[in-house]
Every structure is written in structure tokens, then in C-alpha cells.
Amino acid sequence: DGKAVRSCVVPVSAAEGKTPFYVSDVTQDRRALSAQWARESGIVKMLVVPLLAGEEMLGVLTVRSRTESLSDEENRALITSLAAQAAVAIQNARAYAEAIRRAGRLQDLVAASQAINASLETSDVMQRIVDAAAALRPRALASVHVLDPERKLVRHAISSGGERSGLPGEISASAGLPGMVFELRVPVLVADPQRHPRTLLAAWWRERPSATYYGVPITSGDVFVGVL
């Protein structure tokens with residue numbers, strides 16, 4: 001009749017128990033949120049089969065019927081077999097998508113490496129580095145801060161885009177999020193920069209509420225050079 005089937009709590013029960021779940025009359029099941037639709041359509045019987053990959057729950061296969069066909073053991077076995085095949089298909093699709101993603105990342109890294117090695121100019125190399133880093137994530141902004149050891153400052157050297165407006169060009173080597181990288185000499189991930197106590201300009205980050213910070217030390221042997 002063209003009406004959409006609303007969400008139902010019964011499939012959740014099957015997912016939680018990881019076993020097939022049969023309801024002979026959805027209109028009489030208090031967990032069902034689609035009772036009104038079932039009453040109007042006459043499709044009151046439902047079989048829910050979990051989609052499992054080992055112990056991992058991938059989803060549920062829901063089959064509805066007006067007749068007693070779902071109570072037949074042979075039909076249930078067939079639907080359970082289809083659910084198992086669907087689980088394998090989902091697993092394969094996920095594995096394929098992950099392989100494609102990794103291949104794409106590898107191609108990006110190879111291309112970035114080739115582009116970086118193609119230049120001998122320091123400024124050009126740094127620009128290629130930040131552009132390559134920013135290209136790894138949508139809407140990412142990458143910058144290089146270079147250490148001035150005599151003045152004990154880190155100075156902004158280059159960025160991948162223009163969104164740095166409002167950020168300082170120089171900061172103390174121990175200040176801000178780049179200062180954490182300088183102190184720890186290891187990569188630093190900050191999931192919520194706008195609330196981090198080391199953040200210098202929280203207002204800048206508040207304008208980008210979903211942004212994260214990832215700083216990587218740039219070293220030459222044991223010498224700290226800067227932060228990417």
C-alpha cells in the first residue's frame with residue numbers, strides 16, 4: 001500500500017540474542033513498533049535472523065508474511081541459509097572497501113614521495129609535504145612549524161591552505177599544541193582541541209568543532225627541526 005515499515009524493536013531482540021526470532025502476530029507483541037502497519041496491511045508474521053560473522057553481529061535479515069509459511073522449518077532453514085550468505089557478502093564487501101581504501105592511501109603516499117623527491121628547493125619541498133598531508137583527509141589543513149633554537153620559538157613556515165588566518169606566526173617552543181610535540185618528541189593526537197588546556201586560540205577551533213589536531217615531530221637524526 002506504499003506505506004513505509006517503521007522501525008521495530010523485535011529485530012533488536014534477535015540481534016542481542018544472536019539467534020533467529022519468530023513472531024506469529026506482530027500486532028500482539030508489545031516490543032513491535034510496526035503493529036499499526038501490520039494490522040492495516042495484514043502482514044503480521046515475522047521472522048528475524050541475525051547476520052553473524054563468527055561472534056560479530058553485522059545486522060539482521062527480516063522477513064514478513066501474511067501466511068503461515070514462516071512457521072515451516074524448511075522455510076526457516078532456507079532463510080537462515082540466506083542470512084549466512086548475506087553475512088559473508090557483507091564481510092567481503094567490507095574487506096574489499098578496506099583494500100581499496102588502503103590502495104588509494106598507498107598511491108597517495110607514493111605520489112607524494114615522488115613529488116617531494118622531485119624538488120631540491122626547501123620551500124618547494126615543504127609546500128609539497130603539507131599539500132600531500134592535507135590531501136590525506138577531506139578539508140584538512142596542514143602546516144609546518146620550524147624550530148628556532150636560539151630564540152626558543154617555533155615559527156610557522158608554510159601551510160596547505162588559507163584557513164590559518166587568526167593563528168600566530170610564532171609561539172614559544174613550549175606553548176600550544178605544537179609545544180606538546182616539541183616537549184614529547186612523539187606524534188600527538190588531540191581529539192578535541194577547543195577544550196584542550198594547551199590550546200592557545202580556542203575560538204579558532206570552536207569555529208571548526210569537528211576538527212582534530214595531529215602533530216608529528218620533524219627530526220634530522222636526533223635533532224628536532226620542527227612540527228608537521
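None of the values given here were measured: they were computed from a predicted structure.
Looking at Pro217 and Phe182, their side chains never come closer than 4.5 Å, going by heavy atoms from C-beta outward. Within the 4.5 Å cutoff, side-chain heavy atoms of His196 are placed close to those of Met180. The side-chain heavy atoms of Ser143 and Ser160, taken from C-beta on, include no pair separated by under 4.5 Å. Residues Leu177 and Trp205 have side chains in contact (heavy-atom distance under 4.5 Å, counting atoms from C-beta outward). Contact of the Lys152 side chain with the Ser172 side chain is not registered, since no non-hydrogen atoms from C-beta on lie closer than 4.5 Å. Residues Val225 and Leu147 have side chains not in contact (no heavy-atom distance under 4.5 Å, counting atoms from C-beta outward). Between Leu70 and Tyr22 there is a side-chain heavy-atom pair separated by less than 4.5 Å. Taking 4.5 Å as the limit, some side-chain heavy atom of Val144 sits within range of a side-chain heavy atom of Ile218.
Under a cut-off of 6.0 angstrom, the local environment of CZ in Arg39 is crowded, with over 12 non-hydrogen atoms contributed by other residues, nucleotides or ligands. Dense packing is recorded around CD of Glu98, with more than 12 heavy atoms of other residues, nucleotides or ligands lying under 6.0 Å away.
Asp148 contributes no side-chain N or O that, together with a main-chain N or O of Val154, makes up a donor-acceptor pair within less than 3.5 Å. In terms of modelled atom types and a separation under 3.5 Å, the side chain of Thr199 and the main chain of Pro193 share a donor-acceptor contact. Ser65 places a side-chain N or O within donor-acceptor distance of the main-chain N or O of Thr67, the cut-off being under 3.5 Å. With hydrogens and angles ignored, the 3.5 Å screen pairs no side-chain donor or acceptor of Ser81 with any backbone N or O of Ala77. Gln127 contributes a side-chain N or O that, together with a main-chain N or O of Ser159, makes up a donor-acceptor pair within less than 3.5 Å. Although no hydrogens or angles enter the test, the distance criterion places no donor-acceptor pair under 3.5 Å between the side chain of Arg155 and the main chain of Ile171.
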> Is there a side chain to side chain contact (heavy atoms under 4.5 Å, CB included) between Met57 and Leu52 once you walk through the steps?
Replying inline: CA-CA 5 Å; Met57 171 64 67; Leu52 297 172; 3.7 Å; yes

>> Between Asp131 and Arg128, is the salt bridge (charged side-chain N to carboxylate O under 4.0 Å, His left out) condition met? List the steps.
In response: CA-CA 5 Å; Asp131 288 344; Arg128 290 169 185 255; over 6 Å; no

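Using a cutoff of 4.0 Å between basic side-chain nitrogens and carboxylate oxygens, Glu56 and Arg94 are scored as salt-bridged.
Judged by a 6.0 Å distance limit and a 45° cone about the ring axis, Arg206 is not positioned over the six-membered ring of Trp204.
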